[in-house]
2 protein chains.
Amino acid sequence: MSPVSLHDPSHRETLWELEAAFDRGDMVTVFGACTVEYDGRAASSLGEGARLLVLKPDGSALVHTDEGRTPVNWQPPGSEHRAAVRDGRLRVRSSRTSPDETLDVRFTSVSHLASYPVTGGRGVDVVGSEADLKQRVVEEPSLVEDGFEPAATERETAAGPVDVFGTDADGNPLVVELKRRRVGPDAVGQLARYVGAVEREEPDGVAVRGVLVAPSITDRARDLLAEEGLGHVAVDPPDDAAGAADAPDAAESDGSGAAGASEGVGRGDGDAAATDGSGADERT
Amino acid sequence: MSPVSLHDPSHRETLWELEAAFDRGDMVTVFGACTVEYDGRAASSLGEGARLLVLKPDGSALVHTDEGRTPVNWQPPGSEHRAAVRDGRLRVRSSRTSPDETLDVRFTSVSHLASYPVTGGRGVDVVGSEADLKQRVVEEPSLVEDGFEPAATERETAAGPVDVFGTDADGNPLVVELKRRRVGPDAVGQLARYVGAVEREEPDGVAVRGVLVAPSITDRARDLLAEEGLGHVAVDPPDDAAGAADAPDAAESDGSGAAGASEGVGRGDGDAAATDGSGADERT
DNA sequence: TACTCAATTTCGCTC
DNA sequence: GAGCGAAGTTGAGTA
């Protein structure tokens with residue numbers, strides 16, 4: 001009798017059932033009126049109110065109100081759930097170490113509790129991620145610009161890994177930063193950071209160009225890009241992946257495109273351009 | 001009879017209760033075996049498995065497996081929930097526009113359904129945020145460095161808003177970026193971006209310094225900081241806010257501290273330094 | 001509505 | 001475990 005549900009249980013009954021569910025490794029939901037206290041990476045407190053508490057066997061705890069996708073309070077996986085009755089209230093405490101943090105949920109009344117064995121079925125397949133965009137660019141480098149030849153993906157620099165690194169039509173280094181959605185100033189900063197790092201790593205005098213590949217870009221980001229001498233190439237998401245076009249910024253391309261003679265000199269450093277397995281494998 | 005719970009209901013019963021709950025504005029939890037399809041900003045599909053579905057009256061939908069704090073699939077607030085029986089399965093569809101996206105949850109069997117009126121009690125008070133750190137710095141500018149005089153918070157620049165802007169002991173502009181936790185290269189990029197923007201806005205020739213205020217910093221970030229001629233000041237979180245000290249990087253300070261004569265020249269642009277109300281007010 | 005950034009971000013990956 | 005960046009990020013605040 002694993003799926004269990006209690007109506008208006010006493011705290012004592014709730015306590016029993018919670019501990020039994022923890023032992024079984026069941027997932028538990030509790031509807032009721034409670035207060036919530038959190039202390040750890042920050043600290044928070046939440047006054048009395050009607051809420052949903054979800055307890056997972058992996059140690060996760062979620063406190064949800066009637067609004068928002070994000071829980072109003074929570075505890076990450078790896079925590080340990082305990083329950084007790086104190087001062088006439090049912091206390092559910094979830095805590096973990098490194099970092100040390102504790103979530104306390106105190107119910108004044110429990111309206112409903114349910115427990116259920118939920119196992120497996122976690123492997124979700126997502127299409128339309130940045131990894132997919134990277135694969136597209138590697139397979140079709142002209143999406144970035146004519147003459148672009150990818151040499152490596154995730155190439156390490158002193159400033160972090162570059163999405164796609166290669167050479168332009170003139171054989172000069174080109175840094176490509178990919179974003180699956182509209183970008184702001186932060187993405188420009190990221191690209192500028194990588195370009196600067198590659199510049200310092202190059203034998204001096206070599207100009208390093210940088211291009212931001214994204215569906216669209218904010219005005220401020222565009223100004224910053226120009227300020228830094230960097231470029232932007234608009235790439236629309238494929239129709240089959242994302243149903244809704246984000247912004248019709250179509251086929252624009254202000255990457256300071258070097259005119260194209262001199263077929264790629266092919267400075268063959270870094271590892272070969274290859275898609276680094278973005279195939280999400282089902283793990284049941 | 002608002003709190004409702006069904007055991008091993010037929011799809012027909014589930015359908016009825018779901019629609020009633022939507023009408024009442026109740027929050028609903030459903031345990032059962034289902035598949036999940038999402039299409040919108042990206043696309044995803046999830047094979048059959050035991051899961052928890054949470055439906056909120058504000059349009060949020062969450063699909064949870066037994067692991068992880070994050071739902072395996074979801075729909076943001078503002079969506080509309082509908083339910084139907086199709087091909088012998090119970091389908092719960094949640095969709096919204098702008099962006100256009102739809103979540104389809106198809107149950108082959110429902111083990112349990114509960115609905116409950118969850119209203120209000122959403123106002124959580126959080127202590128230890130970046131806003132709190134900002135307040136500390138504004139009230140005690142010497143935390144950044146001796147002679148620092150804040151002139152404005154959230155001062156707008158072409159690169160975005162600067163956390164704290166002011167003048168150093170020499171009266172030269174100082175840009176301060178605050179982080180409540182250990183920082184990496186991205187924070188350095190952010191600070192560099194702001195410093196560059198302020199430099200361009202200053203009458204030429206004026207040196208603009210930048211300091212990253214954070215509990216600690218990674219090696220790579222430190223190198224980048226040095227490369228950019230920027231500084232770091234370690235500030236530990238107050239004991240009462242965060243219980244666990246993140247890293248004992250104590251009282252270090254490699255902000256390229258200018259020696260201190262010349263009491264702050266006070267270039268009085270921007271608005272006055274003032275804490276911008278970080279007091280979270282309860283909204284019930 | 002769009003922009004900008006924080007978040008108890010979480011999560012996955014690599015070293 | 002730390003570091004690094006993506007995310008269907010979400011959410012808050014402001015113009």
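In what follows, every chain begins at residue 1, and chains take the letters A, B, ... in the order their sequences are listed.
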Trace of the side-chain hydrogen bond (donor to acceptor under 3.5 Å, both in side chains) decision for B/K179 with B/Q190:
CA-CA 11 Å; B/K179 292 296 172 192; B/Q190 197 178 349; 3.2 Å; yes
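Atom CG in B/D100 sits about 18 Å away from atom P in D/dG8, given to the nearest Å. Taking atom CG on B/L191 and atom P on C/dA6, their separation rounds to 12 Å, with Å as the unit. Across the protein-nucleic acid pair, A/K179 atom NZ and D/dG5 atom P stand 9 Å apart, rounded to whole Å. Rounded to a whole Å, the NZ atom of A/K56 is 12 Å from the C1' atom of C/dT10. As a whole-Å value, the separation of A/E130 CD from C/dG12 C1' is 13 Å. Here D/dT10 presents its P atom at 16 Å from CG of A/L62, a figure rounded to the nearest Å. Residue B/L46 contributes atom CG, which lies 13 Å from atom P of D/dG8 at whole-angstrom precision. Remark: P of C/dT8 and OH of A/Y38 are 8 Å apart, rounded to the nearest angstrom.
Phosphate proximity of D/dC4 to A/Y194: absent, as no side-chain N or O sits under 4.0 Å from OP1 or OP2. For B/R182, a side-chain nitrogen or oxygen approaches OP1 or OP2 of D/dG3 to under 4.0 Å. OP1 or OP2 of C/dC5 lies within a sub-4.0 Å distance of a side-chain N or O belonging to B/R193. Considering only side-chain N and O atoms, B/T218 lies nowhere under 4.0 angstrom from the phosphate OP1 or OP2 of D/dA2. For C/dT9, the OP1/OP2 oxygens have a side-chain nitrogen or oxygen of B/R181 closer than 4.0 Å. Between B/Q190 and C/dT4 there is no side-chain N or O to OP1 or OP2 distance below 4.0 Å.
Atom CG of residue A/L178 and atom CG of residue A/D132 lie 11.5 Å apart, to the nearest 0.5 angstrom. B/E67 contributes atom CD, which lies 11.0 Å from atom CE of A/M27 (distance to the nearest 0.5 angstrom).
DNA chain C is contacted by both B/G68 and A/V183; A/V183 maps to the nucleotide lying nearer its 5′ end (nearest heavy atom per residue). Across the interface with DNA chain D, nearest-nucleotide mapping of A/A159 and B/S44 shows A/A159 to be the residue nearer the 5′ end.
A salt bridge is absent between A/R181 and A/E130: the closest approach of a Lys/Arg side-chain nitrogen to an acidic carboxylate oxygen does not fall below 4.0 angstrom. Residues B/R91 and B/E37 are not paired through a salt bridge, judged by the lack of any N-O separation under 4.0 Å between the basic side chain and the carboxylate. Under the 4.0 Å criterion applied to side-chain N and carboxylate O atoms, A/E80 and A/R93 are not assigned as salt-bridge partners. At a threshold of 4.0 Å, the pair A/R51-A/D66 does not count as salt-bridged, since none of the basic side-chain nitrogens sits closer than that to a carboxylate oxygen. The pair A/D104-A/R106 meets the salt-bridge criterion, with a side-chain N (NZ, NE, NH1 or NH2) lying under 4.0 Å from an Asp/Glu carboxylate O.
Picking from C/dT4, D/dA6, D/dG8 the nucleotide with the shortest atom distance to the side chain of A/V126 gives D/dG8. Set against C/dT9, C/dA6, C/dT1, the side chain of B/S98 has C/dT1 as its closest nucleotide.
Among the atoms of the strands shown, none is found under 4.0 Å from any heavy atom of A/E156. Within the 4.0 angstrom heavy-atom criterion, base atoms lie near A/E101.
Near DNA chain C, meaning a heavy atom under 4.0 Å away, the residues from residues 69-82 of chain B are B/R69, B/T70.
The P atoms of C/dT8 and C/dT4 are separated by 23 Å, rounded to the nearest whole Å. Rounded to whole Å, the separation between the C1' atoms of C/dT10 and C/dA6 comes to 14 Å.
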